[in-house]
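Quick note: residue numbers are just sequence positions, from 1.
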Amino acid sequence: MLTISRAGGSSKQRQPISVTPAPDVSSSTPAKQASSQPPQQQQQQQQQVSLQTSTEAPADAGAAAAAVAQPDLFKVVSRKVLKELASLPRAIGIMAVITGLSALGTIIPQNKGLEYYLSNYPTEGDKVLGFLDYQLLLLLQLDHIYSAWYFYAAIGLLGASLMACTYTTQLPTAKVAQRWRFASTPLALRKQGTPQVLPSARLSDVASQLAAKSYQVFLQDGQLYAFKGLAGRLGPIGVHIALLMCLAGTAWSGFGTWKGTAMCPEGQEFVVGQALRPASSLASYPAGADTVLQVNKFTIDTRPDGSVAQFYSDLTLRDFYGKELLTKRISVNDPFRYNGVTMYQTDWSLAALTLRLVEPGTTAAVQSGSEAGSTAVQNTGQVLQQLQSEAQQQQQQQQQQPAAGSSKAGLPQRSFNLPLASLEGGPGVPMGTKLYATFLPLELPPEDGRPPRGISILARDLDTVTFYDSKGQFAGVRRAGSGKPIEVEGLGIVLEDIVGSTGLEIKNDPGVPLVYAGFGALMITTLISYVSHSQVWALQQGSDVVVVGKSNRAKVLFAKELDSALDAVPEVQQ
């Protein structure tokens, strides 16, 4: 029992009220009327009723039979389907399937080339998990899970389940919560909980105390209804809408995306649209793809142990007329965005070596970057022949027109590029290892078909390279830009630069804004869902007020709040 402190200093107890339902006399009225009539008159009435029933029965029976024979099949099926879709255990099962597929897509690298799956998921030898090879992986579409038909089917089922639950459960609950439901009798109050009685109280005072605690209060003919926290009833609907936005954005991304990759050497450019491919015929071509991207500079930051810490690309975007649109230095997690197209820094490689041949035993000066980069990549089989021909022409010119202070005749001081090839996945080089090689021939390919004699050069990063002679013996290491020549097989070689390539993932994903908006709405509506929806009913019974309340959450706090409001109701002095 709770004791209420009154304004007059006295105190009275709020007592639970017991309600006895009024007897239903409607069923006894016809019997009493029939018993008051004479027996003969009753018999005549029964005969008339029986004759009327026998006359009308065939028609009524036929209509009933027709109604039973022709049920509304659409309504029956639709209700059953909605009931199955709105089932919470089934929705949880579908979400578990989507979660499992997403986890599997994280473990298995997605959208790689066939060579990658051939080397990492072989059909012979040690298979992944003892049974998974590339044939089974491709058959189950595990190389592109997020665009597989079963992934979209699971998303569609989850979306249908959310809509069915919203339609059959959440919307009716919200509509009921919005109605003003007055309790006109003590029996109606009893249905909401255990009522309490405030003796010698006014309903208007109860309304004032509830309004002071932020309740919306309604009074009508000695009846009171108050509520607060209606947003808590609308929150679950918002959660479902937010989830549907996320699912719709995911599906839109799968069907409407343009994406591709590009590995562009430093100093080169390419048309963005040529690197993009649509995910489906429904994808619309992005306006930002009709541009040209130039890689101005590519650099790598390394840790003390030599591992890569971060890599950067200085990019310039131009239109087809050469007008500069945007210039930015990007890195991992700092992409390049323009007009719907996003370019992510995802990979890197080595494209070429810039070398210069000098006379053995001489100290070579370092050329400027502009001079070194002005020479295009040449065919390695023609490099030595071209340089020797130029050297002979230079010697002839010096003999005919000697110049004062000129150096002795020899190899021309000209830079040339040797393209690098990746050895990743080759013999003795595991996948994921950055190792590149090139070959400087010392002779033209022999007519007998044997491999030409030459110098092998290996590189792992943008700093140094390793030289090997024609017999595969270690010749030395040189740092790019040091200007220090190395003598291999009678040739003096200066490493002027290592040309890097930036690896870009280019994407136009129209579903990303919808997914982001859905996640933002999901966080907000989830918090709103935890708001308690509290309701209070009261009824003026003479000088007493009967009160009852309930809440869907925080029931203990609600009970304390209601008790506090009722304790503050003043007692009316009689």
Under a 3.5 Å distance rule, please check whether [X] uses its side chain to pair with a backbone N or O of [Y] as donor and acceptor.
X	Y	answer
Thr169	Thr166	no
Ser280	Phe255	yes
Arg277	Gln274	yes
Gln310	Val332	yes
Arg553	Ser529	yes
Thr250	Cys246	yes
Ser161	Leu85	yes
Ser313	Leu315	no
Glu443	Arg453	yes
Asn508	Gly340	yes

> Applying ring pair (Phe, Tyr, Trp, His ring centres under 6.0 Å), which residue pairs with at least one partner in residues 262-298 are found, sequence neighbours left out?
Replying inline: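 Applying ring pair (Phe, Tyr, Trp, His ring centres under 6.0 Å) to every pair that reaches into residues 262-298, excluding sequence neighbours, yields Trp258-Tyr285.
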> What ring pair (Phe, Tyr, Trp, His ring centres under 6.0 Å) pairs are there with at least one residue in residues 113-145, not counting sequence neighbours?
Replying inline: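 Passing the test, one end in residues 113-145: no pairs.
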Sub-4.5 Å side-chain heavy-atom contact between [X] and [Y]:
X	Y	result
Leu104	Ile145	yes
Pro510	Thr257	yes
Leu353	Val465	yes
Asp301	Phe311	no
Ile498	Leu350	yes
Trp348	Val308	yes
Val499	Asp497	yes
Met343	Pro335	no

Distance (rounded to the nearest 0.5 Å) between [X] [atom1] and [Y] [atom2]:
X	Y	atom1	atom2	result
Asn333	Gln345	CG	CD	10.5 Å
Thr327	Arg318	OG1	CZ	7.0 Å
Ile455	Leu442	CD1	CG	5.0 Å
Ser415	Leu355	OG	CG	8.5 Å
Leu158	Ile94	CG	CD1	6.0 Å
Asn296	Glu266	CG	CD	9.0 Å

Does [X] come within less than 4.0 Å of [Y], counting only side-chain N to carboxylate O?
X	Y	answer
Lys328	Asp334	yes
Glu496	Arg478	no
Asp347	Lys434	yes

> Going through the checks in order, is the side chain to side chain contact (heavy atoms under 4.5 Å, CB included) test met by Ile528 and Tyr530?
Replying inline: CA-CA 5 Å; Ile528 294 176; Tyr530 284 96; over 6 Å; no
Search all heavy atoms of [X] against all heavy atoms of [Y] and return the closest pair with its distance.
X	Y	value
His240	Cys165	CE1-SG, 3.6 Å
Pro441	Phe439	CD-O, 3.5 Å
Asp469	Glu489	CB-OE2, 3.3 Å
Asp463	Asp461	N-OD1, 2.9 Å
Val341	Pro286	CG2-CB, 4.0 Å
Ser501	Pro265	OG-CA, 3.3 Å

>> With a 6.0 Å cut-off (strictly less than), is the heavy-atom count around OH of Tyr167, excluding the residue itself, greater than 12?
In response: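 Check fails, neighbour count at 12 or below.
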> Quick check: are there more than 12 heavy atoms from other residues, nucleotides or ligands sitting under 6.0 Å from CZ of Arg460?
Replying inline: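 It does not: Arg460 CZ has 12 such atoms or fewer within range.
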> What pairs with Tyr516 under ring pair (Phe, Tyr, Trp, His ring centres under 6.0 Å), at least two apart in sequence or on another chain?
Replying inline: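 In terms of ring pair (Phe, Tyr, Trp, His ring centres under 6.0 Å), with neighbours along the sequence ignored, Tyr516 is linked to no residue.
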>> Going by ring pair (Phe, Tyr, Trp, His ring centres under 6.0 Å), name the residues that satisfy it together with Tyr436, two or more places apart in sequence or in a different chain.
In response: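 By the ring pair (Phe, Tyr, Trp, His ring centres under 6.0 Å) rule, Tyr436 matches no residue at all.
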> What pairs meet the side chain to side chain donor-acceptor pair (under 3.5 Å) rule with one or both residues in residues 147-156, with sequence neighbours excluded?
Replying inline: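 Found none.
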> Could you give all pairs that pass the side chain to side chain donor-acceptor pair (under 3.5 Å) test and reach residues 88-112, with sequence neighbours left out?
Replying inline: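 Checked against side chain to side chain donor-acceptor pair (under 3.5 Å) - neighbours excluded - the pairs reaching residues 88-112 are Glu84-Arg90, Ser87-Arg90.
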> Per the side-chain contact (heavy atoms from CB on, under 4.5 Å) rule, which among Thr291, Asp290, Val292 passes with Val272?
Replying inline: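 Exactly one option meets the side-chain contact (heavy atoms from CB on, under 4.5 Å) with Val272, and it is Thr291.
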>> Evaluate Leu458 against Leu423 for side chain to side chain contact (heavy atoms under 4.5 Å, CB included), listing each step before the verdict.
In response: CA-CA 10 Å; Leu458 297 181; Leu423 302 181; 4.2 Å; yes
>> The test is salt bridge (charged side-chain N to carboxylate O under 4.0 Å, His left out); show your working for Asp305 and Arg303 and say whether it passes.
In response: CA-CA 5 Å; Asp305 60 356; Arg303 300 184 181 92; 5.5 Å; no
>> Show, in sequence, the C-alpha distance, side-chain angles and deciding distance for Leu440 and Ile493, and conclude whether the side chain to side chain contact (heavy atoms under 4.5 Å, CB included) test is met.
In response: CA-CA 11 Å; Leu440 177 60; Ile493 304 175; 3.9 Å; yes
>> As a quick check of understanding, evaluate side chain to side chain contact (heavy atoms under 4.5 Å, CB included) for Thr316 and Val295, giving each step before the final call.
In response: CA-CA 7 Å; Thr316 297; Val295 180; over 6 Å; no
> Yes or no on side chain to side chain donor-acceptor pair (under 3.5 Å) for Ser253 and Asp509, after CA distance, side-chain angles and deciding distance?
Replying inline: CA-CA 6 Å; Ser253 295; Asp509 193 342; 2.6 Å; yes
